[in-house]
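Just so we're clear, the structure is a prediction, and the values are computed from it rather than from any experiment. FYI, the numbering just counts along the sequence from 1.
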Amino acid sequence: MPRFAGVRTFMRAPHTTDLAGVDAAVYGIPFDTATTYRTGTRFGPEAIRSASALLRPYNPALEVNVVETLSIVDYGDLPVSPGDTQRTYGQVEQALAPLVEAGVFPLALGGDHSVTLAELRVLARRHGPLALVQLDAHGDTWDE
């Protein structure tokens with residue numbers, strides 16, 4: 001099938017919620033309620049999936065074919081509640097827990113920065129205290 005056709009999944013990976021034998025799962029969090037001034041990150045997961053159709057699984061520098069080496073799936077979008085940040089955090093935590101419990105490497109397609117808190121909560125329950133280094137294109141510096 002041509003790369004421009006078919007259902008949009010990350011790197012054209014299969015869409016499934018069955019985690020048996022899965023090494024890594026890509027999932028979207030289409031949420032932007034916690035942004036200020038510029039909403040629109042809710043469209044990020046779809047845009048990333050569309051752009052990823054052009055990615056090739058083979059890395060010539062490392063001489064590895066990611067798709068042959070790892071079982072990668074697109075888990076779909078996690079549920080969110082636009083306008084309700086706290087409820088969304090709970091939904092993300094609940095929906096992400098099965099991936100973390102299965103030992104699957106989670107790869108999020110965001111959403112705004114705030115959803116990282118819910119992801120860290122789930123990962124910390126499994127792995128203990130965590131640290132986060134976030135690289136951003138702009139400063140999110142507020143006095144509180």
Report yes if some heavy atom in the side chain of [X] is under 4.5 Å from a heavy atom in the side chain of [Y]; otherwise report no.
| X | Y | answer |
| --- | --- | --- |
| Phe43 | Asp32 | no |
| Thr33 | Asp84 | no |
| Ile72 | Met11 | no |
| Asn59 | Val66 | no |
| Ser114 | Tyr89 | yes |
| Glu119 | Pro106 | no |
| Phe31 | Asp112 | yes |
| Tyr75 | Leu19 | yes |

>> Check Asp77 with Arg42, please: is the shortest side-chain N to carboxylate O separation under 4.0 Å?
In response: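 Looking at Asp77 together with Arg42, the answer is no, because their closest N to O distance does not fall below 4.0 Å.
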
>> Whether the side chain of Asn65 engages the backbone of Tyr58 through a donor-acceptor N/O pair (distance < 3.5 Å, no angle test) should be reported.
In response: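 Checked: no pair found.
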
> Does the Ser52 side chain pair with the main chain of Arg49, one donor and one acceptor, at a distance under 3.5 Å?
Replying inline: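 Indeed, once roles are kept as given, a pair shorter than 3.5 Å links the two residues.
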
> Near Arg125 CZ, under 6.0 Å, is it more than 12 heavy atoms from other residues, nucleotides or ligands?
Replying inline: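 Atom CZ in Arg125 is crowded, with more than 12 foreign heavy atoms closer than 6.0 Å.
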
>> Grouping I, L, V, M, F, W and Y whenever their side-chain heavy atoms are under 4.5 Å apart, do Leu117 and Leu132 come out in a common cluster?
In response: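 Result: no, two separate clusters.
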
